[in-house]
Amino acid sequence: MDTPFTTIAVVGLGTMGTGIAEVLARAGREVIGIDIDPAAARRAVASLEASTARAVRRERLTERERDDALGRFRTFSDLSAAADAELVIEVVPESYEIKQQVIRELDAVVAPGTILATGTNALSVTRLAAESQRPERVLGLHFFNPAPAMKLVEVVSSVLTAPPAVEAVTRLARELGKEPVAVGDRPGFVADGLLFGYLNQAAAMYEANYASREDIDAAMRLGCGLPMGPLALLDLIGIDTARTVLEAMYAASHDRLHAPAPVLGQLSEAGLTGRKAGRGFYSYAAPGSQDVVPDALTPVGGTPGVTGRKVTGVGVAGSGTMASGIAEVFAKAGYAVVLAARTPEKADAAKGRIARSLDRSVTKGRLTSEARDETLARITPAGSLDAFADVDLAVEAVAEDLLVKQQLFATLDKVCKPGAVLATTTSSLPVVSVARATSRPQDVVGMHFFNPAPAMKLVEVVRTVLTADDVHATVREVCVKVRKHPVDCGDRAGFIVNALLFPYLNNAIKMVGEHYATLDDIDAAMKLGGGYPMGPFELLDVVGLDVSLAIEKVLHQEFRDPGLAPAPLLEHLVAAGCLGRKTGRGFREHARR
């Protein structure tokens with residue numbers, strides 16, 4: 001099917017339809033915009049005029065190019081206007097009834113060879129195609145919002161779609177400057193299939209009062225490098241839209257992770273659908289505004305009436321990358337640091353690692369030579385925990401093994417002075433189990449730094465049912481002093497970040513295991529469509545497949561949800577010794593270091 005697609009109709013001129021029309025018009029296509037609402041058509045024209053005017057001001061378009069693009073966009077109120085189109089893209093509301101009616105009416109209007117593309121991200125393309133007299137020319141063409149900016153386009157084939165139609169639309173997407181990814185027909189496809197499960201879990205986490213909306217969003221932005229937190233993103237997408245997508249996903253998968261969190265239904269029924277309504281998880285200055293305004297749930301900061309304990313000296317236990325990074329963070333902030341390892345040689349080696357890190361900062365102009373020397377002078381290496389006798393805060397960063405940590409905390413209990421705060425950096429073990437190894441569990445708290453500690457801004461502050469208020473306040477105050485962002489969470493598996501991140505990674509592995517999509521297509525979809533800094537398989541290979549499997553097992557054991565069971569493919573790769581970059585092979589081949 002060698003069609004140039006010179007004339008394309010877009011049915012539905014809401015935000016997405018208008019964005020697609022702009023992409024097409026600026027790429028030289030004649031665009032027929034169709035909407036039964038004359039006001040929607042007027043808004044679409046105004047939007048195109050405004051966006052192209054901005055492009056001229058930014059010197060991305062000339063005045064002549066702008067005039068030509070505007071001249072190629074015409075609006076109509078009847079589907080008969082699509083008669084001459086070689087491709088029709090429908091982006092009407094996510095309803096089988098509405099979309100099926102549009103497809104039936106288009107069948108009576110367009111030429112036999114015209115391709116009909118649905119922009120659905122939640123409904124079955126196969127079921128929609130079955131309504132057409134020529135289902136072989138019906139497919140999915142899923143753009144992402146805002147269409148002019150987002151590079152990803154998912155090209156969705158049903159079992160009925162003719163390959164030439166897919167090839168023609170894929171070629172068009174590339175000509176538009178987009179990155180097409182070929183996927184099969186299942187709710188959510190790749191990007192939304194992974195994204196909405198994650199968003200749903202975040203909503204459930206908030207609904208359970210496990211963490212505040214601000215802390216959940218900050219944790220995923222700062223801990224994973226995401227452009228937006230999940231609850232803010234739900235407000236942007238529309239909570240009603242998210243609920244519709246999840247309902248469709250759950251109907252197909254029966255996976256409890258896709259069953260919409262009740263809070264999504266409650267907010268939707270109340271009309272609190274996010275930015276477009278002026279209120280969702282957050283409150284906004286006005287409907288459609290992106291400006292968040294304080295409301296009754298906005299935190300006032302700190303722990304009211306509670307003052308933290310004084311901290312001047314810090315002990316860091318461990319000799320690995322995390323321990324060295326944490327020691328560097330505290331020393332840079334002016335604290336006297338004792339860095340204790342199992343032997344003096346290991347402690348000296350850890351300090352040497354810090355020296356090299358500081359040297360790199362000097363080379364890059366981020367640190368002066370004087371500041372480097374002062375930082376190093378604050379770090380005292382030691383071959384025994386006995387050196388922690390006078391520290392006010394002891395932070396352990398040893399192996400992620402409960403018995404090892406319990407033995408270390410039993411030693412800290414004997415060595416550290418009364419009133420010293422004892423913190424564990426565990427990412428997956430119960431903090432209370434570590435605390436109970438001491439005679440003072442009220443002084444024990446979780447302080448989960450992220451790797452590399454000098455660069456990552458997030459610290460998850462994990463208080464157990466036994467943690468004292470002033471201990472919690474102490475750690476939050478210290479986090480601020482070392483220029484980290486603390487988020488509060490309870491003592492349960494995964495805390496915030498890992499509890500939301502690893503089910504998403506696990507679902508990506510399941511997609512590959514089920515032969516739904518390739519590693520490269522999934523990674524591209526999440527980077528281009530979700531704004532993730534790394535695709536899931538890139539990240540898994542960096543984290544380590546053995547580490548990822550261990551976290552998946554902890555989450556599954558804690559929550560007992562079948563959907564959290566580790567993907568068989570992950571277990572097989574770990575059993576084969578394919579652990580990621582550190583072994584030279586994980587999901588991909590890597591050069592050995």
Side-chain angles (χ1 to χ4, degrees), residues 1-13 16-17 20-21 23-25 27-35 76 78-144 147 152-176 178-190 248 516-517 521:
M1 187 177 291
D2 187 17
T3 175
F5 292 131
T6 55
T7 302
I8 300 172
V10 178
V11 181
L13 295 177
M16 181 60 79
I20 294 171
V23 170
L24 295 169
R29 269 60 181 188
E30 294 292 327
V31 182
I32 299 166
I34 302 173
D35 200 295
F76 301 87
D78 192 275
L79 286 175
S80 61
D84 296 328
E86 298 136 337
L87 168 67
V88 181
I89 305 171
E90 71 76 14
V91 274
V92 298
E94 287 289 277
S95 157
Y96 277 116
E97 182 179 357
I98 296 173
K99 289 182 183 291
Q100 288 169 335
Q101 180 181 347
V102 167
I103 289 172
R104 285 193 296 266
E105 290 184 19
L106 285 171
D107 265 346
V109 170
V110 300
T114 298
I115 295 174
L116 303 183
T118 173
T120 184
N121 66 338
L123 306 181
S124 167
V125 176
T126 306
R127 183 172 165 184
L128 294 173
E131 288 297 311
S132 172
Q133 296 173 11
R134 290 178 287 276
E136 71 281 357
R137 49 87 186 264
V138 179
L139 47 72
L141 194 59
H142 180 212
F143 287 79
F144 286 74
L152 181 67
V153 174
E154 290 176 318
V155 180
V156 189
S157 303
S158 77
V159 293
L160 306 171
T161 310
V166 176
E167 293 165 8
V169 170
T170 301
R171 186 167 54 250
L172 170 67
R174 291 198 180 99
E175 291 171 359
L176 297 176
K178 303 299 182 183
E179 295 284 345
V181 170
V183 296
D185 181 24
R186 76 185 212 181
F189 313 131
V190 171
Y516 175 66
D521 280 350

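Predicted model only: the values in this text are computed from it and were never measured. Positions are given from 1 along the sequence.
When only modelled atom types and interatomic distance are considered, E86 and T7 share no side-chain donor-acceptor pair under 3.5 Å. A donor-acceptor pair shorter than 3.5 Å cannot be found between the side chains of E97 and Q101.
Put simply, CG on D107 and OG1 on T114 are 10.0 Å apart, with the number rounded to the nearest 0.5 Å. From F5, atom CZ reaches atom CG of L176 across 10.5 Å, with rounding to the nearest 0.5 Å. Atom CG of L24 and atom CD1 of I32 lie 11.5 Å apart (nearest 0.5 Å). Interatomic distance, L128 CG to Q100 CD, rounded to the nearest 0.5 Å: 6.0 Å. Note that CD of E179 and CG of D521 are 10.5 Å apart. Values are rounded to the nearest 0.5 Å.
Checking each of E105, E131, E90 against K99 for a salt bridge (Lys or Arg N to Asp or Glu O under 4.0 Å) leaves exactly one that passes, namely E90. Among V23, L152, T170, L172, the single residue meeting the side-chain contact (heavy atoms from CB on, under 4.5 Å) criterion with K178 is V23.
Across all their heavy atoms, A82 and V109 have their closest contact at C-CG1, 4.2 Å. Of all heavy-atom pairs spanning A147 and I20, the tightest one is CB-N, 3.8 Å. Counting all heavy atoms, side chain and backbone alike, T120 lies closest to L123 at OG1-N, 2.9 Å. Across every non-hydrogen atom of A168 and I115, the tightest pair is CB-CD1, 4.3 Å.
Judged by distance alone, with hydrogens and angles left aside, the side-chain atoms of D185 form a donor-acceptor pair with the main-chain N or O of V125 at under 3.5 Å. Checked by atom type and distance alone, the side chain of S157 never pairs as donor or acceptor with a backbone atom of G184 at under 3.5 Å. In this structure, the side chain of S132 does not engage the main chain of A129 through any donor-acceptor pair within 3.5 Å.
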